[in-house]
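Structure first, commentary second.
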Amino acid sequence: MGFEKFLFYVFSLITLWAAGMVITRRNPVHAVLFLVLAFVTSAALWVLLEAEFLGIVLILVYVGAVMVLFLFVVMMLDVDIATLRAGFIRYLPLGTLVTVVMAIEILLIVGPKNFGLDAFPAPAPLGADVSNTRELGLLLYTVYLYPVEIASVILLVAIVAAIRLTLRQRPDTKYIDPSRQVRVKKGPERIRIVKMVAETEYATLSAADQDKE
Amino acid sequence: MIELWNALPLLIQILLKIIVIVLPLLGLVAYYTYAERKVIGYIQVRIGPNRVGWRGWLQPIADAVKLMMKEIIIPTKADKTLFLMAPMIAIAPALAAWAVFPFDEGLVLANINAGLLYILALTSLGVYGIIIAGWSSNSKYALLGAMRSAAQIVAYEIAMGFALVGVLVAAGSLNLGDIVNAQSGNILTWFWLPLLPLFGVYVISGVAETNRAPFDVAEGESEIVAGFHVEYSGMAFAVFFLAEYANMILVSALAALMFTGGWLSPLPQAWVHGVFLLDDGFHWLLLKTFFFMFLFLWFRATFPRYRYDQIMRLGWKVFIPITIVWILVVALAVIYKLPPWWSA
């Protein structure tokens with residue numbers, strides 16, 4: 001057993017364990033953190049497959065940005081764990097059945113028969129000077145140009161839709177336009193100096209106060 | 001000597017190299033805190049620490065010893081495991097990022113093709129330490145600090161990432177060594193000039209990414225006491241401190257590498273080749289890094305803290321558009337081989 005194989009087993013075991021913890025942990029924040037761990041170890045597996053670019057991008061995009069926001073939301077949620085757990089035993093037999101059927105289905109397709117080493121022999125390892133990023137970029141922007149562009153347009157539509165859905169005008173908000181804010185000068189537009197004669201009531205008032213004392 | 005080195009097992013060799021990088025880094029962190037107190041002291045017409053050792057030179061060591069002696073208090077109902085893990089999660093990426101950092105021509109621990117991408121990925125992990133610390137402390141102030149920090153870091157990471165995309169378009173490589181070599185020439189062929197807007201965005205986002213003043217709303221002493229690390233004491237607090245300063249040094253060193261030519265001499269190679277101290281070398285990288293590290297302190301002593309909504313506005317509405325426009329400009333300049341940078 002080579003060192004790479006050993007690493008593969010270590011990382012895949014951690015991935016499976018973390019994925020299991022994601023669905024069994026009761027605390028949602030812990031579950032999200034285990035999901036992060038599963039992402040990190042999957043990235044390590046991809047790097048072992050010589051897909052360094054994908055592995056690093058998985059960490060950069062999913063772990064570094066998406067999961068941070070996810071964690072952000074989960075921390076804000078007030079999850080009632082008791083209602084979540086209610087009926088766990090009742091649904092357990094059905095849930096187990098579905099899981100087993102799905103696992104068998106997946107094994108039938110991804111099993112050694114279709115994806116074994118004889119069907120897909122391991123490709124020869126590439127040299128250290130082959131740039132993963134460059135090869136991927138060349139493929140994406142020449143052969144797969146249309147799918148890339150279509151995918152990006154779909155993402156753009158999703159962004160616009162998400163912004164439109166959350167954009168609302170609240171009449172009670174005290175929003176100040178920053179560009180107007182910075183243009184404010186010390187002069188008359190900010191404060192108004194009023195000249196007025198001195199009030200005379202002060203003298204009488206203090207006299208009355210003195211009387212009281 | 002070389003034979004003795006080659007006789008060592010590979011694992012020991014790598015371990016020794018890691019120690020050679022990490023130990024000076026931690027020493028630099030310790031004296032960076034001293035420099036900070038001294039520099040800000042002089043800026044504010046004070047003298048700063050001057051009691052421990054000659055002119056206070058032993059102050060960081062005294063601080064470290066004090067923090068080591070202190071008790072680590074764990075708040076009631078805190079999530080103990082996560083509470084203790086958070087500082088480690090904060091410091092690990094700050095140290096691991098140095099693995100691909102080239103200190104001189106060919107002097108690098110792991111010369112990988114996607115070096116820049118690796119550093120971006122690792123620096124984006126640092127925020128987990130802050131968020132986990134904030135959540136697991138079971139404290140309102142800490143949670144507020146963590147929330148602010150998460151939103152801020154995600155916002156500025158995009159601007160910073162785009163600024164670095166400009167660098168990689170200009171250099172045509174993700175390898176940090178290649179990026180430096182693409183700037184060879186003299187001070188005018190370094191990337192700070194053609195990428196000036198991206199350079200500015202990078203430095204400012206670097207300050208925001210490391211949660212330093214004037215972007216330190218995650219700590220915000222006057223509003224939320226000390227933010228995410230309010231419940232931390234002793235060594236656990238010290239590790240957060242270490243992580244913050246290690247990140248500042250990393251951001252400074254990356255700025256030196258990507259925008260001001262790393263170890264390259266500011267004078268043309270034809271004039272200074274073989275001349276002592278003027279030739280290319282590690283000392284130039286160190287000098288440039290120290291300049292950016294000084295900027296961090298200067299900013300802190302000069303600017304008042306940003307308001308939270310202004311930070312978000314600056315990140316999303318100012319920096320990201322600037323970087324997107326300038327990436328297009330750089331791409332056109334590269335295609336049309338704009339001299340003197342891309343004429344070759």
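Just the heavy atoms: all of them, side chains too, but no hydrogens, waters or symmetry mates, feed the values below. If you're wondering where the values come from, they're calculated on a predicted model, not measured in any experiment. Residue numbers start from 1 in every chain, and the chains themselves are labelled A, B, ... in the order their sequence lines are given, proteins ahead of strands.
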request  = Examine distances only and state if a side-chain atom of B:Gln183 and a backbone atom of B:Leu257 form a donor-acceptor pair shorter than 3.5 Å.
outcome  = yes

Toward chain A, the part of B:Leu174 with a non-hydrogen atom under 4.5 Å = side chain

task = Would you check if the side chain of B:Asn138 reaches a backbone N or O of B:Thr76 as a donor-acceptor pair within less than 3.5 Å?
result = yes

ask   = Of the backbone (N, CA, C, O) and the side chain (C-beta and beyond), which part of A:Ile56 lies under 4.5 Å from a heavy atom of chain B, both, or neither?
value = both

Exam field: side chain A:Ser12 to backbone A:Phe8, donor-acceptor pair closer than 3.5 Å = yes

ask   = In this structure, which one of B:Ser139, B:Ser137, B:Ser136 forms a side chain to side chain donor-acceptor pair (under 3.5 Å) with B:Glu231?
value = B:Ser139

note = Against chain B, residues from residues 33-49 of chain A with at least one heavy atom under 4.5 Å, in numeric order, are A:Leu33, A:Val36

ask   = In terms of heavy-atom proximity below 4.5 Å to chain B, should A:Leu69 be classed as side chain, backbone, both, or neither?
value = side chain

inquiry  = Checking side-chain contact (heavy atoms from CB on, under 4.5 Å) between B:Asn211 and each of B:Arg148, B:Met248, B:Gln152, which is the one that passes?
reply    = B:Gln152

request  = Check each atom of B:Leu120 against the heavy atoms of chain A and say whether the ones under 4.5 Å are side chain, backbone, both or neither.
outcome  = both

message = What part of B:Leu82 gets within 4.5 angstrom of chain A, counting heavy atoms only: side chain, backbone, both, or neither?
response = side chain

request  = Look at the rings of B:Tyr232 and B:Phe83 and say which category their plane angle falls in: under 30° parallel, 30 to 60° tilted, over 60° perpendicular.
outcome  = parallel

inquiry  = Test your reading of the model: is there a side-chain donor-acceptor pair from B:Tyr156 to the backbone of B:Ile311, 3.5 Å cut-off?
reply    = yes

inquiry  = Tell me the closest heavy-atom pair linking B:Glu157 and B:Thr123, and the distance in Å.
reply    = OE2-O, 4.4 Å

message = What part of B:Asp79 gets within 4.5 angstrom of chain A, counting heavy atoms only: side chain, backbone, both, or neither?
response = side chain

key: Ring center gap for B:Tyr141 and B:Phe228 short of 6.0 angstrom   = no

